[in-house]
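It should be emphasised that the depicted structure is a prediction, and the values quoted were computed from it without experimental measurement.
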Amino acid sequence: MKISVQQIKSSSSSTEQEEEGNYANIDYFTKLSGDVITSLFLICPLKSLSMLRCTSKLWNNFITTPSFLHSHLTQSTQNGPKLLFLEDKYLHRSQKSWLRFASVDMDGSKEELYTVTVPDIQLVCSTMEVCFGLVCLSTDCRLYLCNPALQQLCELPEYSLSATPGYRHFGFGYLHSRKEYKVVHFFYNVPSMTERFCNLGILQVSHLKCEVLTINKFGGVSFNGWKEIADRSPFHPRSQGLLVNECMYWCTYSLPRPRTNPVLSFDFESEKFLAISPPSPFEDYVGLSLMDLKGMLCLPDVGRLLKSSILDLWILKDKISCSWVKEYSIRLIDFGFNNITSDCKTCNEEIIFRHLDKVAFYDLKKKSFREVEALSPSYNRYGIYSKSLFSLGTI
């Protein structure tokens with residue numbers, strides 16, 4: 001029996017259509033293992049992942065899981081960290097604050113991220129802390145959280161009022177073990193006060209209290225709100241805190257002023273405070289700052305830096321015994337750097353400085369410097385940053 005060419009083509013065409021129809025009904029994505037799906041999505045940039053979320057409900061649910069968000073941001077932090085800079089202006093006519101976030105890659109590439117106007121004039125002088133893709137901004141009366149990559153900014157739940165104006169010492173960090181963000185806020189509570197504000201000089205450590213806010217949902221704050229900590233800090237914290245290896249640390253001050261002040265730590269597991277004596281060679285606490293160096297608390301000797309342009313880096317080996325070791329001593333003046341600011345950062349075993357109109361990186365392994373062009377001086381605050389998918393939409 002002979003079959004014409006036309007019949008063969010028609011038969012083949014109908015068979016192919018049937019096969020294509022069968023294939024279309026098969027969801028191959030659901031047959032892939034979680035590890036394979038994670039590997040595929042991890043190589044996608046943030047913009048592509050945002051588009052994929054709109055393509056499929058299944059993909060959206062997977063991308064927004066805490067475990068994937070954690071893996072994505074961990075990889076971004078390790079492979080492509082950036083410097084996030086903040087520029088701000090006070091808009092007199094509208095009585096608002098204008099904020100602009102921009103990032104600089106470690107090779108100097110610049111990217112505009114987010115510009116926003118906020119009806120809060122205090123934001124132009126706010127304290128900024130950057131951690132794991134999010135930015136926390138603290139003013140006299142409010143705390144804000146921002147995701148520059150997703151162009152989102154929101155006000156956090158109202159915290160306890162302090163007995164003294166301008167007291168905005170806080171801490172912001174990410175606990176990898178719990179996959180959640182923590183905000184720590186200090187405030188003074190004086191029962192005998194007849195007025196809301198009082199002079200800082202009459203406040204005692206016994207008046208100092210602390211509360212913690214947990215942010216552990218994709219686009220939401222835990223429903224418990226602020227939790228007051230039963231343990232009391234033995235010293236007055238100064239400036240914002242630094243999270244290192246699941247513990248938050250602050251520089252401290254006391255009145256009358258001693259030669260040096262201890263470092264204050266807070267353990268999130270035990271919810272206990274601990275005072276840690278600084279290294280004995282430290283002569284003065286002025287300009288004291290904290291850094292995270294390879295997962296350990298690092299204390300730069302800023303006093304010696306300002307006097308001799310030599311930066312000594314002390315590593316905390318044991319906080320119970322207050323054991324410190326001087327791991328590095330960098331003679332900045334040998335590299336022509338004698339106007340380095342004391343506001344140092346660390347990233348991937350590099351020490352980062354602002355130097356004039358540039359950002360300088362010192363490689364601890366190679367013992368060498370490199371520089372990249374910085375943004376204009378109007379970008380007066382910066383931190384280590386990686387883009388995050390953590391949405392603030394429902395806070």
May I ask you to decide if the ring planes of [X] and [Y] are parallel, tilted or perpendicular, using 30° and 60° as cut-offs?
X      : Y      : result
Phe353 : Phe369 : tilted
His176 : Phe132 : perpendicular
Tyr114 : Phe101 : parallel
His185 : Phe187 : parallel

For [X], enumerate each residue passing the ring pair (Phe, Tyr, Trp, His ring centres under 6.0 Å) test, keeping only those at least two apart in sequence or located in another chain.
X      : answer
Tyr144 : none
Tyr385 : none
Phe235 : none

Between [X] and [Y] (salt bridge meaning N to carboxylate O under 4.0 Å), is one present in this structure?
X      : Y      : answer
Lys387 : Glu111 : yes
Glu350 : Arg370 : yes
Lys366 : Glu349 : no
Arg178 : Glu269 : yes

Please evaluate residues Met296 and Glu327 with respect to the criterion side chain to side chain contact (heavy atoms under 4.5 Å, CB included), reporting the C-alpha separation (whole Å), side-chain torsions for both, the decisive distance (0.1 Å), and the verdict. CA-CA 12 Å; Met296 295 180 289; Glu327 290 278 347; 5.7 Å; no
Centroid-centroid distance, Tyr181 to Phe390, less than 6.0 Å: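 Yes: the rings meet the under 6.0 Å criterion.
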Using a 3.5 Å distance criterion without hydrogens, assess whether the side chain of [X] forms a donor-acceptor pair with backbone atoms of [Y].
X      : Y      : result
Asp107 : Ser109 : yes
Trp250 : Phe266 : no
Tyr90  : Lys96  : no
Gln152 : Leu392 : yes
Asp231 : Phe273 : yes

Evaluate Arg354 against Val359 for side chain to side chain contact (heavy atoms under 4.5 Å, CB included), listing each step before the verdict. CA-CA 5 Å; Arg354 289 292 298 269; Val359 178; 4.1 Å; yes
When Lys209, Glu211, Glu228 are each screened for side chain to side chain donor-acceptor pair (under 3.5 Å) with Ser160, the one that passes is Glu211
Could you walk me through whether Tyr328 and Ile315 pass side chain to side chain contact (heavy atoms under 4.5 Å, CB included), step by step? CA-CA 9 Å; Tyr328 303 96; Ile315 303 296; 5.5 Å; no
When you compare the side chains of Ser386 and Lys82, does any donor N or O come within less than 3.5 Å of an acceptor on the partner? no
Phe172 versus Met248: any side-chain heavy-atom pair under 4.5 Å? no
Please examine the side chains of Lys89 and Val124, heavy atoms only from C-beta on, and report whether any two atoms are closer than 4.5 Å. no
Using the side chain to side chain contact (heavy atoms under 4.5 Å, CB included) rule, take Arg100 and Tyr379 through it: C-alpha gap first, then chi angles, then the decisive distance, then the call. CA-CA 9 Å; Arg100 179 163 64 185; Tyr379 288 89; 2.9 Å; yes
Rounded to the nearest 0.5 Å, what separates atom CG in Leu316 from atom CG in Leu293? 12.0 Å
